[in-house]
Amino acid sequence: MVNQISRLDIHDQQIDQLQQVVNEIKASLKLLNEERSESREFRKVILAWMKSQEKNSVDSSGQELQSDLIHDPLIPVVDGKHVTIHPPEQFTTIQHSEGISDLIGGVKVEDTEHPNCGDSKTAPHFSFSIGLEPLTDDGPKVYSRKKNRVTTAKVGQLGKRPAIALNGVSNQSNKRNQLVGRPFEGLTYGRRGGSRGGGQGRGCGTEKPRLLDDEEGGVLFYSASPSSSSTYGYASLEKQRQRLPVFKYRTSILYLVETHSTTIIVGETGSGKTTQIPQYLKEAGWADGGHIIACTQPRRLAVQSVAARVSEEMGVKLGEEVGYTIRFEDVTNSDLTRIKFLTDGVLLREMMDDPLLSKYSVIMVDEAHERSLSTDILLGLLKKIQRRRPELRLIIASATIEAKSMAAFFQTRRRRPRLEGEDHGLRTEPAILSVEGRGYNVQIFYVEEPVSDYLRATVSTVMSIHDKEPMGDILVFLTGQDDIDTAVQLITEEAQNSGKSSLGMIVLPLYSGLTRADQDLVFSPSPRGKRKVVISTNIAETSLTLEGIVYVVDSGFSKQRFYNPITDIENLVVAPISKASARQRAGRAGRIRPGKCYRLYTEDYFVNEMPSHGIPEMQRSNLASSVIQLKALGIDNILGFDWPASPSSESMVRALEVLYSLGVLDDDAKLTSPVGFQVAELPLDPMISKMIIASDQLGCSEEIITVSAILSVQSIWISVKGQRELDEAKLRFAAAEGDHVTFLNVYKGFLQSNKSSKWCHKNFINYHAMKKVIEVREQLRRIAQRLGLTLKSCENDMQVLRKAVTAGFFANACRLEPYSHNGMYKTVRSSQEVYIHPSSVLFRVNPKWVIYNSLVSTDRQYMRNVISIDPSWLREAAPHFYQQQPLNPNRP
DNA sequence: TTGTGGTGT
């Protein structure tokens, strides 16, 4: 394909003209005191003007192909200066010499060849010991780093990107800031060359905006362009807004959204895209005529904080013009709200009432690179909606998305006459725009040899940072609670043993199982002269942001959930992270000032073996919930659904199978009535939903709804180090029937204590989890009533409760192996060996027949949340499922 | 006799 590049040239004079026109319109419309039409007119003018410029440019200019700007959606263009930056995997680099002498600290420095340096595009290495006393016999950890390299891309060199190696070690270590201020260094993360962020609003109006097409014809790229700043009265906030990198692209973004069905915006952290773009859209009139601009986030906390920020910037009350919706919390006003932030899950639920999302004019899907289950489903559905609603605009925003594959996904081949409204040049091919971020340089260090024990490597690295590096907090990424607790202990001990230099350290664990109070410790600022060391799971990678982190230690691993559709088992396994994750982790070090990231894996591994992106959640999850959601939206051909990442056919088939066995789908794989539709309405795993529906007839819906609420929160128990105390606490609530009944006892106790947090603490129960249980329970009761179920308590008749559980979970029935001395069970469905999880109250009780809620696989398959049943209930509840396997009366 | 990365409706 020909790399055809066209360019839109806009002269300063014309920009001023436009600004004048806009100001005139604004002024005249202000007289009319009609804000809505002002913005609508503004939008029209921008559009008309842009179109005329595009035409002129193509007609008059023969220079299109002389552009020296290479289009690559992954790579930000810096300040319109046409310099391309290599993606870090080609270019793992350290940009400036800061701190190197500190690190070397008199320890030997030697020139070595990197094992993978054979080819000429890789610069030679040097390595050095960071001079620490190892905890083990492993010897000191040796880190290596590459020399600085800066590249510029030139015309005709798309394939070849020359690397310019800078001077060697001695030069680097001499002048600390030698490179700071040079343009376009600092390539890996953030604030490139320190020349960023100076574009004080209109001050950047000297650059010319450019428009480029790439070979795919229609993937557009803008570099910096001047922006027409609006004249609002909120001076300081307005200034802050204008300082954000995204501000320079305001006009470009509005133009792209105007002219393209889908716009993909690649922006690093700190670019301001999430808070600014919805405001730009509003200012440009996209919320006129009662329409709403939506912006989705994967996490509740992000929704709340972004909405609060935007309402502050706009000087409006949260919940009026700017609002947000998350589960249990709708802070919007249907008459007033024009910009609405919401979780992607909420938007999916909204589709069940309004499948075309007709009240939204623009939907911005943020953090799309995370590829969460609901983001992917949402993207698939939005693509479908676009075909019915060509006027709907989508913005896909993400940090490190594979923009081209996303663009390919949204590339529609429409072969029908254009509808009205498309005649103003609306393009169905997605546009891509990159916006640079605003962070600081992060130096990356790799171990020279693979480490065999990342826990010990972690400890020695932390100790050496503490010894050799200037003040600044350390964030360590490990995999789970177990590792983290061990590391905290080891580092604390090591600090005590190593004398005065290590006194000023506060070591804190961070994972979701901690109580809120323990989590909050991590957010308190470190006392004067003390260094905070936070040992965290992935929770600090995206969900929580810690201020004050200067050093990151990355183990290269995280726990990830994988689903095996053949065995129907979800596993939680320690797995290597992706490059995208590694970059995200490193970026956590550059938030307040230049930072350093120590990777406990080799550079060779990072470059050659680490996958560039993680596996989308869609491809490693049980899809039963997702399938029923799509069915409820009327998508019959699930197997043919156009996903951003197709799940395996096995997991699709498995999901359909489960739903069929639950009586949710009929022989034609259509939702049954009423059960199928009822199950789809409930925001739960289909098996739990089925259990609730069955409880209606059995007369125990109140209890079952309570159990369902508890099953759908992570864990109601506090994780504590001394496990014995927790086990003892559990015994206070333990019921012979099993965990579900035990949960009911806990819930009753919680109510009797008047929902007291003190009571929770005393009984090793997670107070926040219980509060969530109450909320979920209320929601489920409301939905159940809407579905026409009767809310009824079975009082103390636990047999009907167990029957209701059986009605939902009959497929998970297990039988104790006769003569088994170690509590081995086999599943009825597939004769798999399983054991009762030690956290269950039925552990070591081993009733003959049990049903489990879920399987967890470690060295054995463990059943979690187990209840004992009578096998005859299985055939009662699911004759279709068990009729082919009559129970053998000869076996005990 | 053993263990719960993180989200979300």
Side-chain angles (χ1 to χ4, degrees), chain A residues 296-303 325-330 342-352 367 370-378 477-485 510-514 536-544 555 557-562 570-575 577 581 584 614 617 620-621 625-626 628-629 632 680-686 688-689 709 712-721 723-724 726-727 766 769 772 775-776 779-780 783 821-824 835-840 843-846 854 856-865:
Chain A
T296 74
Q297 295 288 322
R299 279 170 293 280
R300 298 160 53 92
L301 194 67
V303 169
T325 308
I326 56 181
R327 192 185 186 183
F328 311 128
E329 234 186 304
D330 184 6
L342 67 175
T343 50
D344 33 28
V346 168
L347 192 59
L348 279 176
R349 282 282 151 186
E350 281 190 5
M351 287 180 72
M352 291 180 65
E367 311 288 357
E370 289 185 19
R371 307 303 301 272
S372 80
L373 194 55
S374 37
T375 305
D376 269 10
I377 296 174
L378 187 61
F477 286 102
L478 292 180
T479 60
Q481 183 181 341
D482 222 28
D483 278 1
I484 288 169
D485 289 341
L510 178 62
Y511 41 84
S512 74
L514 289 174
S536 172
T537 59
N538 251 5
I539 194 170
E541 193 178 303
T542 48
S543 305
L544 298 177
S555 66
F557 291 99
S558 71
K559 283 199 180 172
Q560 288 163 42
R561 195 178 55 197
F562 290 93
E570 272 183 327
N571 284 346
L572 199 58
V573 295
V574 173
I577 60 168
S581 276
Q584 177 76 21
E617 202 181 3
R620 41 186 184 85
S621 302
S625 294
S626 310
I628 196 170
Q629 230 168 349
E681 280 287 316
L682 289 160
L684 297 165
D685 180 285
I688 299 181
S689 304
S712 63
V713 304
Q714 271 197 354
S715 171
I716 58 166
W717 306 105
I718 285 175
S719 36
V720 277
K721 204 92 216 265
Q723 197 58 41
R724 224 190 55 213
L726 174 56
D727 289 343
N766 186 330
K772 196 173 171 201
E775 280 185 320
V776 175
Q779 187 191 32
L780 296 180
I783 297 172
H821 298 294
N822 61 351
M824 187 213 287
Y835 297 82
I836 293 181
H837 195 282
S839 66
S840 168
F843 179 61
R844 278 189 293 193
V845 176
N846 294 339
S854 60
V856 60
S857 174
T858 50
D859 54 330
R860 286 172 169 178
Q861 314 286 355
Y862 286 105
M863 301 182 267
R864 276 166 58 180
N865 297 327

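Given the structure is predicted, the values throughout are model-derived calculations rather than measurements. All chains are named by letter (A, B, ...) in the order of the sequence lines, taking the proteins before the strands, and each is independently numbered beginning at 1.
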A.B. asks: Salt bridge (Lys or Arg N to Asp or Glu O under 4.0 Å) with A/Glu775: which residues, sequence neighbours excluded?
C.D. replies: none
A.B. asks: Just checking, any donor-acceptor pair under 3.5 angstrom between side chains of A/Ser581 and A/Glu541?
C.D. replies: yes
A.B. asks: Apply the side-chain contact (heavy atoms from CB on, under 4.5 Å) test between A/Val303 and each candidate in A/Ile326, A/Val346, A/Thr296, A/Asp344; give the one that qualifies.
C.D. replies: A/Ile326
A.B. asks: Do A/Arg561 and B/dG6 have a side chain to base donor-acceptor pair shorter than 3.5 Å?
C.D. replies: yes
A.B. asks: What is the distance, to the nearest angstrom, from the CD atom on A/Glu570 to the P atom on B/dG5?
C.D. replies: 14 Å
A.B. asks: How do A/Lys559 and A/Ser374 order along DNA chain B: which one's closest nucleotide is nearer the 5' end?
C.D. replies: A/Lys559
A.B. asks: Which is true for A/Ser543 with a 4.0 Å heavy-atom rule: it touches a base, it touches only sugar-phosphate, or it touches nothing?
C.D. replies: sugar-phosphate
A.B. asks: Between B/dT1, B/dG5, B/dG8, which nucleotide has the shortest distance from any of its atoms to the side chain of A/Arg844?
C.D. replies: B/dT1
A.B. asks: Output, in order, the C-alpha distance, side-chain angles, deciding distance and verdict of side chain to side chain donor-acceptor pair (under 3.5 Å) for A/Asp485 and A/Tyr511.
C.D. replies: CA-CA 10 Å; A/Asp485 289 341; A/Tyr511 41 84; 3.2 Å; yes
A.B. asks: Can you name the salt bridge (Lys or Arg N to Asp or Glu O under 4.0 Å) partners of A/Asp685, sequence neighbours left out?
C.D. replies: none
A.B. asks: For A/Phe557 and B/dG5, give me the distance from atom CZ to atom P, rounded to whole Å.
C.D. replies: 16 Å
A.B. asks: Considering every strand and a 4.0 Å limit on heavy-atom distances, what is the contact class for A/Glu370: base, sugar-phosphate, or nothing?
C.D. replies: nothing
A.B. asks: Go through B/dG5, B/dT9, B/dT2 for me and flag the one nearest to the A/Pro683 side chain.
C.D. replies: B/dT9
A.B. asks: Without decimals, in angstroms, what is the distance between A/Gln629 CD and B/dG8 P?
C.D. replies: 15 Å
A.B. asks: How is A/Leu348 classified with respect to the nucleic acid when contacts are heavy atoms under 4.0 Å: base, sugar-phosphate, or nothing?
C.D. replies: nothing
A.B. asks: Looking at every strand, decide which applies to A/Val574 at a 4.0 Å heavy-atom threshold: base, sugar-phosphate, or nothing.
C.D. replies: nothing
A.B. asks: Just to be sure I understand the rule, does A/Ile326 reach a base, reach only the sugar-phosphate, or reach nothing, if contact means heavy atoms closer than 4.0 Å?
C.D. replies: sugar-phosphate
A.B. asks: How long is the line joining CD1 of A/Ile484 and P of B/dG6, in whole Å?
C.D. replies: 8 Å
A.B. asks: Rounded to whole Å, please give me the gap between CD in A/Gln584 and C1' in B/dG5.
C.D. replies: 15 Å
A.B. asks: Does a side-chain N or O from A/Ser512 land closer than 4.0 Å to OP1 or OP2 of B/dG6, or not?
C.D. replies: yes
A.B. asks: Please tell me if A/Arg300 has a side-chain N or O lying less than 4.0 Å from either OP1 or OP2 of B/dT9.
C.D. replies: yes
A.B. asks: Mind checking A/Gln714 for me? I need base, sugar-phosphate or nothing, with any heavy atom below 4.0 Å counting as a touch.
C.D. replies: base
A.B. asks: Quick one: label A/Arg349 by what it contacts on the DNA or RNA (base, sugar-phosphate, nothing), any heavy atom closer than 4.0 Å.
C.D. replies: base
A.B. asks: Describe, in one word, how the ring planes of A/Tyr835 and A/Tyr862 are oriented to each other, choosing from parallel (under 30°), tilted (30 to 60°) and perpendicular (over 60°).
C.D. replies: tilted
A.B. asks: Starting from P on B/dT2, measure out to CG on A/Asp482 and report it in whole angstrom.
C.D. replies: 14 Å
A.B. asks: Answer with base, sugar-phosphate or nothing: what part of the nucleic acid does A/Thr343 contact at a heavy-atom distance below 4.0 Å?
C.D. replies: sugar-phosphate
A.B. asks: Quickly work out the A/Ile377 CD1 to B/dT7 C1' distance and round it to whole Å.
C.D. replies: 13 Å
A.B. asks: Roughly how many Å is it from CZ in A/Arg620 to C1' in B/dG5, rounded to a whole number?
C.D. replies: 10 Å
A.B. asks: Could you tell me whether A/Tyr835 contacts a base, only the sugar-phosphate backbone, or nothing, with contacts defined as non-hydrogen atoms closer than 4.0 Å?
C.D. replies: nothing
A.B. asks: If you find the nucleotide of DNA chain B closest to A/Thr537 and the one closest to A/Leu684, which residue's nucleotide is nearer the 5' end?
C.D. replies: A/Thr537
